[in-house]
4 protein chains.
Amino acid sequence: MSERRTHHPPQSTETSPKRSDARRNTQKILDAAATLFVTSGVDVSVRDVALEAGVGMGTLYRHFPTRADLIVAVYRHQVEACVEAGPALLSSEASPYAALRAWIHLFVEFLTTKHGLAAALQSDKPSFDALHAYFLDRLVPVCAGLVEAAAEAGEIRPDVEALELMWGVGSLCSNSNKELQVNARRLVDLLLTGLRRVAA
Amino acid sequence: MSERRTHHPPQSTETSPKRSDARRNTQKILDAAATLFVTSGVDVSVRDVALEAGVGMGTLYRHFPTRADLIVAVYRHQVEACVEAGPALLSSEASPYAALRAWIHLFVEFLTTKHGLAAALQSDKPSFDALHAYFLDRLVPVCAGLVEAAAEAGEIRPDVEALELMWGVGSLCSNSNKELQVNARRLVDLLLTGLRRVAA
Amino acid sequence: MSERRTHHPPQSTETSPKRSDARRNTQKILDAAATLFVTSGVDVSVRDVALEAGVGMGTLYRHFPTRADLIVAVYRHQVEACVEAGPALLSSEASPYAALRAWIHLFVEFLTTKHGLAAALQSDKPSFDALHAYFLDRLVPVCAGLVEAAAEAGEIRPDVEALELMWGVGSLCSNSNKELQVNARRLVDLLLTGLRRVAA
Amino acid sequence: MSERRTHHPPQSTETSPKRSDARRNTQKILDAAATLFVTSGVDVSVRDVALEAGVGMGTLYRHFPTRADLIVAVYRHQVEACVEAGPALLSSEASPYAALRAWIHLFVEFLTTKHGLAAALQSDKPSFDALHAYFLDRLVPVCAGLVEAAAEAGEIRPDVEALELMWGVGSLCSNSNKELQVNARRLVDLLLTGLRRVAA
DNA sequence: TATGAATGAGCTTTCATTCAT
DNA sequence: TATGAATGAAAGCTCATTCAT
C-alpha cells in the first residue's frame, strides 16, 4: 500500500508552504493523535492530544479546527491508498470477485489496525459527520466499482449495495480485538462468502 | 418464565427475600430504566433514571451498583427468552440450520430494538464487563448447541465458533440505525448464508 | 432599609424547606458572591465564586443554575426593600418630590455600595437578561409612582419617564468609585434638580 | 487639524520621523481599528484588528503596545476637535452656559457614536489607564474653562467640578443604546439643567 | 522590522459517584 | 434504608500576549 502518493490530497499536510516549525507541529500532532486514537479511540480528549504532541491547545485548534479534521488528516494516507488499490486490484487479480475480496481485506487490515476508527465511523455524533462524509465519498465509489464488476461477472448476487457491504465490514471490524478471540477477518470472510449465492 | 438456571443472577428480581418496599423500588427503577433505555439508549445518565423512577440516587446505586447490573436486570427476561427459544426452535424448525437462522433473527430483533445495547455489549469499559459476562454465559451455549447441530447435519461449515458468530451478529446490529439505509437484518443474512459453504 | 422583610420573595432563599446543610451552602454561596461581586463585578468567574464559598462547582450550579439567578438572589433583599420604601416615603416625606428624591438616594446608596451591579444592570449580555427583567419589573413601577405624584403636584416637569430616570441614575452610579473623586450622589442630585424645570 | 499641543502623544501618527512603510502600517491599523470599533466596539479582539489591517499581530503590538494606545490613536482627531471647539464655542455662542451646553452636546455626540468607548473610558482595567489619562488631560481643562466662565457669569451654580461633570456625561452615554428607549441626550440635558440652580 | 504560530490559563458546564442527613 | 446534596475532574473552546522565524 503506497502511502506517499498525493493523487488526492484535499488538504495535504505536507504541501502547504508553511513555516517549518508549523509543519513540524502539524506532524507532531498527527503522530500524537495517531497514537492516542489507537489506545483511546478517536474520542480522546483534545487536551490529551495536545499534551502528547507537546503543543498548546491553541496550536492544535489552529491546525485542526474540528475533531473531524484531525481524524481525516490522520487517516488520509491510508484512505487514499485504498482508493487507489481498487482499480489496481481489478487489473491484477484473477477475477472481479477476487479483486473485491482482496480490496475488502485491505480495508479490514486498515480498520483493525486503527482501533477506534471503525467505531468512530459509525458514531452518530455530529462532530463526526465530516468523517463519515470523507470516508464514504472516497471509498464507497471504489467499492461499488468492484461490486458491480463482480455482479456483472455473475460471481456474486446482484442485489448488494456497496455502502451496505462496507458498513457491515466496518461494523465487524469495530469491536473485534478484545481478549475474546474474535477475529474480524474470519467474520468478514463469512460475509464475503455470503455474497456469492442468494440467501438459503 | 421459569428461572430454571441460576448460573449468573447478578441481581435477581424475584428470588431474594427482600423487604417489600425494597422490591417495589427495584421494580420502579427497572421500569424507569427500561423506558429511558428505549428513548435515550443504555448510556442514559443515572440521575435521569433515578428521577424517572422517583427514587434517590443512593437507592439506585444500592440496588444496581454498576450500570451493567442495571442493564442486565432490565434485559434479563428477554435474554432468558432467547435462552429458552434455542432448544424450542431446534424442535420446531425444519432443520438445524433453519433453527439457527430463526434464533439469530430473534437475537437480531432483540438487539436492534434496544437502542445502544449492542454497542454496550461491545464496549471495553470495565463497567460493562458484567454485561458481557452475563450475555455470553447465557447465550453462547445456546448458540453453540444450534451451531453444532447444523454442523453435524452438514448444513454449515464445521469450523464456526458460536462466540464468534454472535459477536459478529452483535457488531452488525450495533450500528445500523442511521439515516443511511443500512439494514442489520440483511447483513446478518449475508453472514448466515456465508456459513453454508467453505470460503471461495 | 429593612433587609429581612419577605413581602415579595419570589424565590426566597430562606423559606425553602431544604436540608439545613443545603441552606447553609446557599448562604455561603450568596455571601461569597456578594463579596466577589463587590471586588470583581458580577462577571466574576463561577469557579472563583465556588472557591470563595468553599463549595464545589456542581453545588453552585445546583443552587443557581444561571448567573442571573445568583445575582438576583444576592441583591433580592435590597431590591425588595427599595420596592417597599417607595410608598412609605410618599407618606412620610413632606412632598412627592421630596419622596422621589429620598427614594432615589436610597437606590443610589444601594447601587454604589454594590460595585459592579450597576454596570451589570446595563450589560447587554444575554446572561443578564433575567437580571434586567427583575430589577426593572420591581423598581420601575415604584419609581413611576413617585414620578407621577411629583408631576401631578407640579413639582417636576411632566415629561419624565421613570425608566429613563432610573437608567440615568444607574449609569451615574456604575462608574463613580475610582480614585478619581467623582461622587455619584452629587451627580444624581444634579439630575434630580434638573427635573424641576424645563430645559433652559 | 493642527497638532498644537503635544502633552500626551502616546503614539503620534505624524510627528515621528518613521520609515514610510512603518507609517503605512500604522495607518492601516488605525483604519482597521476605526472600522471594527464601529461595528464591534472597542473591545474587539486584537486578532481581528490585525486581520482587518492585513498586518501581523506582532506589528500591531509594536505600534500599539496596549489597547488603550490604539483607542487613543483612533480617536485622537475627534478628541482634539473637541479641545479646539471649547474656546471657539465660547466666542460664538450667546453665553458661556450656551457654549458649555453646545460643547457637552458635541462630546455626547462623539461618545454615543463610538460604541463601547464611553464604557472603556470608565473601565478600571489597568490596560485602559492611558485612555483615561489622555481623555481627561485633554478634555477636562477645556470643560473647566467653560464651566468657570459660566459660573463667573452667574449662569450656573459655582460648585461644579469639570471632571465630575464630564464623568457624569460619560456615564450617561455609556449605556444608552439598548432596546430600551433610553436617550443619553435627554438625560444629559437634565444634568445640564440641573447645573443652573442650587439643589432644591 | 514584520510575521503569525504558539502558548496555556481561562471560561462555562456536565455527570458519575460518594456520603452526610 | 433512602435520600439527594455535594463533589470535582473533565470536557471543548477562546484569546491576549509572546517570540522564533
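Reminder, nothing fancy here: chain letters follow the sequence lines and each chain counts from 1. All values below come from the heavy atoms of this structure, side chains included, with hydrogens, waters and symmetry mates left out.
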Of the listed nucleotides ([options]), which one gets closest to any side-chain atom of [X]?
{"X": "R62(D)", "options": "dA2(E), dA11(F), dT17(F)", "value": "dA2(E)"}
{"X": "Y61(D)", "options": "dT14(E), dA9(E), dA16(F)", "value": "dA16(F)"}
{"X": "M57(C)", "options": "dT12(E), dA6(E), dT17(E)", "value": "dT12(E)"}
{"X": "D48(A)", "options": "dA11(F), dA16(F), dT21(F)", "value": "dA11(F)"}
{"X": "R24(C)", "options": "dT7(F), dT21(E), dA2(F)", "value": "dT21(E)"}

Please give, in whole Å, the distance from [N] [atom2] to [X] [atom1]?
{"X": "F128(D)", "N": "dA16(F)", "atom1": "CZ", "atom2": "P", "answer": "11 Å"}
{"X": "F64(B)", "N": "dA2(F)", "atom1": "CZ", "atom2": "C1'", "answer": "15 Å"}
{"X": "L51(C)", "N": "dA9(F)", "atom1": "CG", "atom2": "P", "answer": "11 Å"}
{"X": "K28(C)", "N": "dA6(F)", "atom1": "NZ", "atom2": "P", "answer": "8 Å"}
{"X": "L60(B)", "N": "dT18(E)", "atom1": "CG", "atom2": "C1'", "answer": "14 Å"}
{"X": "N25(B)", "N": "dA2(F)", "atom1": "CG", "atom2": "P", "answer": "6 Å"}
{"X": "L36(C)", "N": "dC11(E)", "atom1": "CG", "atom2": "P", "answer": "12 Å"}

What nucleic acid atoms does R67(C) come within less than 4.0 Å of, heavy atoms only: base, sugar-phosphate, or nothing?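 Sugar-phosphate only.
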Is any side-chain heavy atom of I71(D) less than 4.5 Å from a side-chain heavy atom of F128(D)?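 Yes, at least one pair of side-chain atoms sits under 4.5 Å.
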Is the closest side-chain heavy-atom distance between F37(C) and Y75(C) below 4.5 Å? yes
Is [X] near enough to [N] that one of its side-chain N or O atoms lies under 4.0 angstrom from OP1 or OP2?
{"X": "H63(D)", "N": "dT1(E)", "result": "no"}
{"X": "S45(A)", "N": "dA10(F)", "result": "no"}
{"X": "R47(B)", "N": "dA16(E)", "result": "no"}

So does K28(C) get a backbone contact from the side chain of D31(C), meaning a donor-acceptor N/O pair under 3.5 Å?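 Between the backbone of K28(C) and the side chain of D31(C) there is no qualifying donor-acceptor contact (under 3.5 Å).
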Let's test this: given Watson-Crick or G-U wobble pairing with both distances under 3.5 Å, identify the partner of dT13(E). dA10(F)
Watson-Crick or G-U wobble partner of dA20(F), both distances under 3.5 Å: dT3(E)
